[in-house]
Protein chains: 2
Amino acid sequence: MSTIKKVCQLAGVSTATVSRTLKNPDMVNEKTRERIFKAIAEAGYRPNVLASSIKTGRSNSLVVLVPNLSNPFFLKIIQGIEQAAQENGYSVLLGDTQGEAKRENEYASMVLSNRADGLIHLDHSFPFSKNDETLAENVPMVSVCERIVSNKKYPVVELDNYSACRALANHLTSYGHKRFGVIAGQKESQIYRDRLSGIKSVLQEEGITLEDSLVVGGEYSMEAGEIGARELLSNINRPTAIFCFNDDIAIGAIHEIKKHGLRVPDDISVVGFDNIKVSAYIDPPLTTIDQPAYDMGRKAVEVVLQQIKKKPLQRDREIVQFSLLERESSGQLKM
Amino acid sequence: MSTIKKVCQLAGVSTATVSRTLKNPDMVNEKTRERIFKAIAEAGYRPNVLASSIKTGRSNSLVVLVPNLSNPFFLKIIQGIEQAAQENGYSVLLGDTQGEAKRENEYASMVLSNRADGLIHLDHSFPFSKNDETLAENVPMVSVCERIVSNKKYPVVELDNYSACRALANHLTSYGHKRFGVIAGQKESQIYRDRLSGIKSVLQEEGITLEDSLVVGGEYSMEAGEIGARELLSNINRPTAIFCFNDDIAIGAIHEIKKHGLRVPDDISVVGFDNIKVSAYIDPPLTTIDQPAYDMGRKAVEVVLQQIKKKPLQRDREIVQFSLLERESSGQLKM
DNA sequence: TAAATGACTGCAATCGATTACAGTTTTATC
DNA sequence: GATAAAACTGTAATCGATTGCAGTCATTTA
């Protein structure tokens, strides 16, 4: 692998000039430049990115912490991140944390060891270890979807979960539903609180309260959807409509409901959240909230790059728009 | 951010000793070591990975090139890659190529600029640009699922697509099916040839030939599945069983078939390939070939690390086992 | 007791770039 | 034609580690 020196030899110039032709071409004479480019081609020279990073103090990469790589929704976000990063000359280091603190710590510390310039977190946990807390103070970091739980406020890209759930709930009450079941995700997160209070606020307007026994779940997966549905179906007050906190859960729930010989939506309506691709292809197609995952990823990159470039952030919450997709998994209550 | 020098000051030793306590602890006296660890803690010191990389010539990361991040099958592979990489002290740079040569070139060149030590490619194209071909000669590289088309033979982790398709075809002929349709993926790849010849070989044993007009598709997506199914359904010799080259295609196809008022499998059997998670949850659950995606990812890392460590490879093809999952999307031919 | 060995530690070169500063040549200005 | 300004280019320090080599001191060995 040839280095800058090789090019110097071939072109008969100093390293400075070579470096400049690549970074600040207009600082060097056109003829010299040409000679150098020829030398570069001849040598098959590629600048060693690490060498330049060490000098400039920038690694030009971002770490992305994902709790669960098998969720296609996260994928879509990552796609957005990846694309935006690339456009800005950054590359993406992927960290699959599986929700484990130890792995989060490990990946987060990449920012501390100069392997990455910033961090995008797709979860609500504070990713650094207690030990690193003070070191982490000035780390460029954003979270997507979920707000990071910590003393310091970190910016977040999210949608208005409260309103989105109100929209869903209104949609269902307009079909006459009054007994709701909920299969939620992790209960410690802000999302959980926001969404639940959105649902409750609509019910309240109808004079209904949501019983605790009708809120089940705790994990975002198809299996959790199956289990949750099973639980709800066996409840004395079997709900007529089920809120699932993401589409994976909804897919699991619908599967389970059908297994019990019930029909969706004739016997029970089911709604999801996220709008992953497959949701339009299942039977029945899923009513859900569309989250602009791709754009959220892009926005997250913007925000973290702002921080890296030490530009002040205009706001600490970027709210993106949702839309309610009424498909066929929800319908008129039939009794 | 404090550097090694800060630690030297605090501990009253040279940089060499600090470096050694971290990399070769048994080269330094226990007491000194303790002093240094205390100093490290006090300084909040993190070794600058880039600085060490430049000296050692190793970046300790791998680039992974993915043609389509929204395919959950790839995700599963990436999960395996990520896990294995992490266990070996490597991190994963993610490149979403969208099948575009330009993006492939860009990401592939990360290996040339020392940003990554090796490359894992989830596609069949040769990822380097023509220009870089000679430079790329000694690059540690593996492909997963698909064989890389190039002069040099690169190792591959794949399954026996020919046999897998024979298994599927036998499964279908055992149900009495004789008229097959195929919704394939990209036609330029080895996979395409292997799979098709697997199918044909079984048909041949039954004295049947597969008409060209019954082989459609060209892309791995649900939309392609819909379009492909539409095409096959309108064929004069409507097939009674449809082979889909992955589960996404199958999901799209089933969706389309139902839209035409036909039932799966009573009117038409559909089989997929990959066994992504959702395939067990759709209606009807999909008969498919299980590819051990996670393990394939892990194996790919092994192979590329072998190359990085300049150990000779035992073989240039790592074959993984498949298994036929007979679920409910395929069944007895009813006429 | 002298010599040899082993255990630590430090000096300083090095990895491959970037960049402040200075030096040289060319061009512009009067 | 002399001087100032602009345009290039080179020298050498620097980024933050790693590591070969040499030096010091304590411990064995003969």
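Protein chains get the first letters and strands the later ones, always in sequence-line order, with residue 1 at the start of each.
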Partners meeting side-chain contact (heavy atoms from CB on, under 4.5 Å) with [X] (sequence neighbours left out):
X        : value
A:Glu188 : A:His124, A:Gln186
B:Arg35  : B:Val13, B:Thr32
A:Pro140 : A:Val304, A:Gln307, A:Ile308
B:Glu219 : B:Ser221, B:Ala224

Starting from the C-alpha separation in whole Å, work towards a yes-or-no answer on salt bridge (charged side-chain N to carboxylate O under 4.0 Å, His left out) for B:Lys31 and B:Glu34. CA-CA 5 Å; B:Lys31 290 207 162 180; B:Glu34 275 171 22; over 6 Å; no
Below 4.0 angstrom from OP1 or OP2 of D:dA17, is there any side-chain N or O of B:Ser52? no
Under the rule for salt bridge (Lys or Arg N to Asp or Glu O under 4.0 Å), what residues qualify as partners of B:Glu30, not counting sequence neighbours? none
Pull out every residue in residues 15-25 of chain B that has a heavy atom closer than 4.0 Å to any atom of DNA chain D, ordered by number, or say none. B:Thr15, B:Ala16, B:Ser19, B:Arg20, B:Lys23
Pairwise distance NZ(A:Lys309) to CG(A:Leu305) - rounded to 0.5 angstrom: 5.0 Å
Once side-chain hydrogen bond (donor to acceptor under 3.5 Å, both in side chains) is applied, what residue pairs with a partner in residues 37-56 of chain B remain, sequence neighbours excluded? A:Asp132-B:Arg46
Would you say the side chains of A:Gln79 and B:Gln98 form a donor-acceptor pair under 3.5 Å? no
Regarding A:Asn114 and A:Ser59, is there a side-chain donor-to-acceptor distance under 3.5 Å anywhere? no
Under 4.5 Å between any side-chain heavy atoms of B:Gln306 and B:Pro312, yes or no? no
Report, one line per pair, each donor and acceptor closer than 3.5 Å where one atom sits in a side chain of residues 63-74 of chain B; sequence neighbours left out.
from	atom 1	to	atom 2	distance (Å)
B:Asn68	OD1	B:Ser70	N	2.8
B:Asn68	OD1	B:Ser70	OG	2.7
B:Asn71	OD1	B:Phe73	N	2.8

Test of understanding: with ring pair (Phe, Tyr, Trp, His ring centres under 6.0 Å), list the residues that count as partners of B:Phe128, not counting sequence neighbours. B:Phe126
Comparing B:Lys55 and A:Asp26 on DNA chain D - which has the more 5′ nearest nucleotide: A:Asp26
Measure the distance from [atom1] on [X] to [atom2] on [N] and round it to the nearest whole Å.
X       : N      : atom1 : atom2 : value
B:Asn29 : D:dA26 : CG    : C1'   : 12 Å
A:Lys31 : D:dT9  : NZ    : C1'   : 16 Å
B:Arg58 : D:dA17 : CZ    : C1'   : 17 Å

Sorted by number, residues from residues 34-51 of chain B placing a heavy atom under 4.0 Å from DNA chain C are none
With a strict under 4.0 Å distance from non-hydrogen atoms of chain B, what nucleotide opens and what nucleotide closes the contacted stretch of DNA chain C, reading 5' to 3'? C:dC8 to C:dG16
With each end axis built from five pairs of C1' atoms, what bend angle do you get for the helix from C:dT1-D:dA30 to C:dC30-D:dG1? Round to 10°. 40°
